[in-house]
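A note on names: the letters A, B, ... follow the listed sequences, proteins ahead of strands, and every chain is numbered from 1. Here the structure is a predicted model, which is why all the values come from computation and not from measurement.
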Number of protein chains: 2
Amino acid sequence: MLNCLKAIALLKNVALRPTKQRIALTKILFQDNYLHVTAEQLHSEAIRKGYKISLATVYNALNRFKEAGIVKQVLVEPGKIYFDTNTEPHHHFYIEETGELLDVSDDECKIASLPIIPAEYTVNQVEITIRLEKSKDADPRSRN
Amino acid sequence: MLNCLKAIALLKNVALRPTKQRIALTKILFQDNYLHVTAEQLHSEAIRKGYKISLATVYNALNRFKEAGIVKQVLVEPGKIYFDTNTEPHHHFYIEETGELLDVSDDECKIASLPIIPAEYTVNQVEITIRLEKSKDADPRSRN
DNA sequence: ATAGCTGCAAATGCTTTGCAAGGCC
DNA sequence: GGCCTTGCAAAGCATTTGCAGCTAT
């Protein structure tokens, strides 16, 4: 868990005012492991930890964090925005049944050949989403 | 452009009742080239062509088409669902400025190495989204 | 002091749903 | 005839916004 000083430093680094609420969210988000959350999930977690913060502020903060480049958004489900604290180029497993999102490092998932890019355009981002489902025969011992 | 008979055949093939509205949408969607549309865009196009159909029906129809496996949905922008008439495994260019979505065939974009799949899960779908933006120096002649 | 945040509630935008009327087999 | 589909309007859900009051610099 980040302490307050580090949270404040992180926010000042990207020219965002370190308000109580942003510090709280920063402490929750930037731990050792990367996190994938929706605004709603982050809000619940903040409330659970005893912080006083409104959902609208969580949305505002996440959008500022995104503009500042310290989180990025991931689209895997219609009508829902996930935010990812891993801003390095990387990819995802997505488990639809549970809504779980897992990081796949750029090294683990190399692209052999990119297509020809349309004229006058440049690549901004390449994202691979690997959608998973529970195996039909999860237990090999039960097979005939 | 598909004729009515082919549209009806297509719908019967997937056990969907060939109603006037579904036939109209089928005729618009399944042309020679693959299409990427939102429900709203498809509705406008249908109205423009003189068909009488409500937006709710377009949503309903697209969801049935998706269940039937003749279109699939693509998520590239928050709060918007694109439908793609190409149901083969393939990938996409996405141009954020214009909202344009372009197909990239599976052959043009090969993955060299997939990561290790978590135990008890199997891969359902692998999607690559290549986000493009206009090049800063679109005209090479203007360079120093 | 002042520019920028917060929180509430209201608004928005896309999508879904309930239900009565109409259409397909 | 019976079941499915349509269309409208209303509901739903995630997200954004307006504005008054508060806070960091």
Phosphate OP1/OP2 of [N]: any [X] side-chain N/O under 4.0 Å:
X	N	value
B/Arg64	D/dT5	yes
B/Ser54	D/dG7	yes
A/Gln21	D/dT23	no

Give the rounded distance in Å between these two atoms: [atom1] of [X] and [atom2] of [N].
X	N	atom1	atom2	answer
B/Leu16	C/dC25	CG	P	12 Å
B/Leu11	D/dT6	CG	P	10 Å
A/Lys52	D/dT23	NZ	C1'	16 Å
A/Glu67	C/dC5	CD	C1'	14 Å
A/Ile23	C/dG4	CD1	P	19 Å
A/Glu77	D/dC13	CD	P	14 Å
B/His43	C/dT15	NE2	C1'	14 Å
B/Lys12	D/dT5	NZ	P	14 Å

Tell me which pairs pass salt bridge (Lys or Arg N to Asp or Glu O under 4.0 Å) where either residue lies in residues 85-96 of chain A, with sequence neighbours left out.
A/Glu96-A/Arg131
Which pairs, protein N/O on one side and nucleotides 14-16 of chain D N/O on the other, fall under 3.5 Å?
unit_1	atom_1	unit_2	atom_2	d
D/dA14	O3'	A/Gly79	O	3.2
D/dT15	OP1	A/Ile81	N	2.7
D/dT15	OP2	A/Tyr59	OH	2.4
D/dT15	O5'	A/Tyr59	OH	3.2
D/dT16	OP2	A/Asn63	ND2	3.0

Produce the list of close N/O pairs, under 3.5 Å, pairing protein atoms with atoms of nucleotides 21-23 of chain C; give distances to one decimal.
unit_1	atom_1	unit_2	atom_2	d
C/dG23	N2	B/Arg17	NH1	2.9

[X] to [Y] - nearest heavy-atom pair and separation:
X	Y	answer
B/Tyr82	B/Gly99	OH-O, 2.9 Å
A/Pro89	A/Lys72	CA-NZ, 4.2 Å
B/Phe93	A/Ile116	CZ-O, 3.5 Å

Indicate whether any N or O donor in one side chain lies under 3.5 Å from an N or O acceptor in the other, for A/Ser105 and A/Glu108.
yes
Taking side chain to side chain donor-acceptor pair (under 3.5 Å) as the definition, give me every residue that meets it alongside B/His43, ordered by chain and number, with sequence neighbours left out.
none
Test side chain to side chain donor-acceptor pair (under 3.5 Å) applied to B/Thr122 - qualifying residues, sequence neighbours left out
none
Considering only heavy atoms from C-beta outward, does the side chain of B/Asn63 approach that of B/Phe83 to under 4.5 Å?
yes
Under 4.0 angstrom, heavy atoms only, what part of the nucleic acid is B/Pro78 near: base, sugar-phosphate, or nothing?
nothing
Taking only residues two or more places apart in sequence or in another chain, which ones pass side-chain contact (heavy atoms from CB on, under 4.5 Å) with B/Asp103?
B/Tyr34, B/His36, B/Asp84, B/Asn86, B/His90, B/His92
